Every structure is written in C-alpha cells, then in structure tokens.
Amino acid sequence: MIAFLLSVALADDAPAAPAEGASRPKNANLSVTLTRADGSTQKLAVTGIERSVDFMGDQGWSSEAKDLKITIEVGSTEKNVAWTDIKSVSITPAAVTDADCTYSSDFSPWMYECTLKTTANLVMKDGSKGVVNNRHKWRFTTDDGAAAEFWLYKHTAREQDEPSENGENEEDMGMYTKLQDQLRTEVKTTLVKSVAVN
C-alpha cells in the first residue's frame, strides 16, 4: 500500500436506509437532530442505533451493547460513553488538501481512499466534555424507515479503480483527485457537522 499526504476532518454520509427486508434494531429511544454542512437538518426519533463492524461498514453493522459506546479522550484519559449520556457533538473538518490518500492492493482492481480528518467535540449531559476518538461509522434508524449514516471521527471517500485492459494494476493518480473532489463537495453539503441529542 502506498500513501501520499493530503489531510482533513469530518464524518457523514447522506441519509440512507438499511437494505430492504433488513431487520432494524430496537435499542434506543432518542430524539436527535443532525445538521449537515449545507445547513440542512434531519430530525430523527431514533429507535435503533448501530455501529459499523469495521471503519467503512463493509463488514456489516453491530447493535450489540458493547459496540454502541463512543470512545472519547478527556484530558489524558479515555472513556466510553453511551448515546443516552450525550448532549451534543460538533464536528470540524480539516482542509481537504490535507486528506490522507492511499490505495490498497488487497482488492482487484485496487481500492483507493482519501480520509478527511475531523475534530469531534462532545458535550455530555452532565456538562463534561471530551474529544471523540472512534473511527467507526454510525447508523440511526427510526420506526418509519428514516435512517442516517455518518462518522464522528474521520470521513472517508472510497472507490475501486476500473479494471485495466492488460489485467495489471498501476497506481492511478487521477483516483486521488476524484476522491478529493468528492470530499470537497461533501464538506460543503452532506457532511454531518453537529449532532444534538434531546
């Protein structure tokens, strides 16, 4: 895997619904407002919370209680907090030009990704504060079928390259440009900038 630097910050995907027929967990009762980079808001009566098994969500989703806590740094210590204890999260992205871009030869054709760094400041209902240090993706669902997927810490744009005519892979610098352009669009539109839990 080869990497070259370009660093940034944030986390979010446009609203998405779980696959048709997929069961939705019933493990929450929260009123949540997501605010995106373009100023639009999405209010959800959240009845299901899931966290991706891996950082990208490729390996599916977990609704196990042990996976549904957010790791935060408070000073020099780390602790895990539940969504029910959170008042708000504000997410600030770094510059897209600082995104970290890599390719993975574990895929054929190769997979390219650019990861935008983010700073997510969390405020607890008791007034204490921390900084999110958990790369997993989150998914909120409601009984009426609404859903939202987003990251709190780091936001990634990823795409697999097209197959080459000769069947051999070569690093495609244009893929990095394409993914950075995608991030530039997302930091102005769909990226979740804040989460308010009422």
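This is a predicted model, so every value here is computed, not measured.
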*Candidate pair Glu113 and Thr102, rule side-chain contact (heavy atoms from CB on, under 4.5 Å), full reasoning*: CA-CA 6 Å; Glu113 64 180 51; Thr102 64; 3.6 Å; yes
Determine, step by step, whether Ser194 and Ser90 satisfy the side chain to side chain donor-acceptor pair (under 3.5 Å) criterion, reporting the C-alpha distance in whole Å, the side-chain angles of both residues, the deciding distance to 0.1 Å, and the verdict. CA-CA 4 Å; Ser194 70; Ser90 61; over 6 Å; no
**Asked** Given the rule in the side-chain contact (heavy atoms from CB on, under 4.5 Å) test, do Arg24 and Thr47 qualify, once you have shown the distances and angles that lead to the verdict?
**Response** CA-CA 9 Å; Arg24 295 178 174 90; Thr47 56; over 6 Å; no
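With Ser40 contributing its side chain and Arg36 its backbone, the two residues share no donor-acceptor pair below 3.5 Å. Checking side-chain atoms of Lys26 against main-chain N and O of Asp143 turns up no donor-acceptor pair under 3.5 Å. When atom types are taken as modelled, the side chain of Glu50 and the backbone of Lys137 share no donor-acceptor pair closer than 3.5 angstrom. A donor-acceptor contact shorter than 3.5 Å links the side chain of Asp144 to the backbone of Ala146. In this structure, the side chain of Gln160 engages the main chain of Pro109 through a donor-acceptor pair within 3.5 Å. Side-chain N or O atoms of Asn121 include none that pairs as donor or acceptor with a backbone N or O of Lys129 at under 3.5 Å.
Between Trp138 and Ile70 there is a side-chain heavy-atom pair separated by less than 4.5 Å. Residues Lys79 and Val74 are in side-chain contact: their nearest non-hydrogen atoms beyond the backbone lie under 4.5 Å apart. Contact of the Thr156 side chain with the Arg135 side chain is registered, since non-hydrogen atoms from C-beta on lie closer than 4.5 Å. Residues Lys125 and Asp85 form no side-chain contact, since every pair of their non-hydrogen atoms from C-beta on lies 4.5 Å or further apart. Counting heavy atoms from C-beta on, the side chains of Tyr112 and Glu159 never come closer than 4.5 Å. Contact annotation: the side chain of Leu152 never approaches that of Asn134 to less than 4.5 Å [non-hydrogen atoms, C-beta and beyond]. Side-chain contact between Asn169 and Asp161 is absent, with no heavy atoms from C-beta onward closer than 4.5 Å. In this structure, the side chains of Ile86 and Val195 stay at 4.5 Å or more apart for every pair of heavy atoms.
Closest of all the heavy-atom pairs between Thr142 and Ala45 is CG2-O, 3.3 Å. When all heavy atoms are compared, the tightest approach of Gln42 to Ala147 is NE2-O, 3.3 Å. Counting all heavy atoms, side chain and backbone alike, Ser63 lies closest to Ile49 at CB-O, 3.9 Å. Here the closest heavy-atom approach between residue Ala148 and residue Leu34 is recorded as CB-CD1, 3.5 Å. In this structure, Val89 and Ala120 approach most closely via the heavy-atom pair CG1-CB, 4.0 Å. In this structure, Cys114 and Leu179 approach most closely via the heavy-atom pair SG-CB, 3.8 Å.
Considering only residues two or more places apart in sequence or on other chains, Asp54 meets the side-chain contact (heavy atoms from CB on, under 4.5 Å) condition with Met56, Asp58, Gln59.
Proximity of the aromatic rings of Phe150 and Phe140 is defined here by a centroid distance below 6.0 angstrom, and this criterion is met.
At a threshold of 4.5 Å between side-chain heavy atoms, the hydrophobic network of Ile, Leu, Val, Met, Phe, Trp and Tyr places Val131 and Ile91 in two separate groups. With hydrophobic clusters built from ILVMFWY side chains whose heavy atoms lie under 4.5 angstrom apart, Val192 shares a cluster with Val197. Note on Val123: it does not cluster hydrophobically with Tyr153, by side-chain heavy-atom contacts below 4.5 Å among ILVMFWY residues.
Rounded to the nearest 0.5 Å, atoms CG (Asp67) and CG (Asn80) are 10.5 Å apart. Going from atom CG of Leu30 over to atom OG1 of Thr33 covers 11.5 Å, rounded to the nearest 0.5 Å. One finds the OG1 atom of Thr185 at 11.0 Å from the CG atom of Leu191 (value rounded to the nearest 0.5 Å). Taken to the nearest 0.5 Å, the CG atom of Asp172 stands 11.5 Å off from the OH atom of Tyr103. Asp38 CG to Glu186 CD: the interatomic distance, rounded to the nearest 0.5 Å, is 12.0 Å.
The ring pair (Phe, Tyr, Trp, His ring centres under 6.0 Å) pairs that include a residue from residues 29-82 are Phe55-His136, where partners are two or more places apart or lie in different chains.
Between the side chains of Thr41 and Thr35, not a single donor N or O lies within less than 3.5 Å of an accepting N or O.
With respect to Asp181 and Arg184, a salt bridge is recorded, a charged nitrogen being found less than 4.0 Å from a carboxylate O.
Chaining together hydrophobic side chains whose heavy atoms lie under 4.5 Å apart places Phe107 alongside Met111.
The environment of Asn198 atom CG is dense: over 12 non-hydrogen atoms of other residues, nucleotides or ligands sit within 6.0 angstrom.
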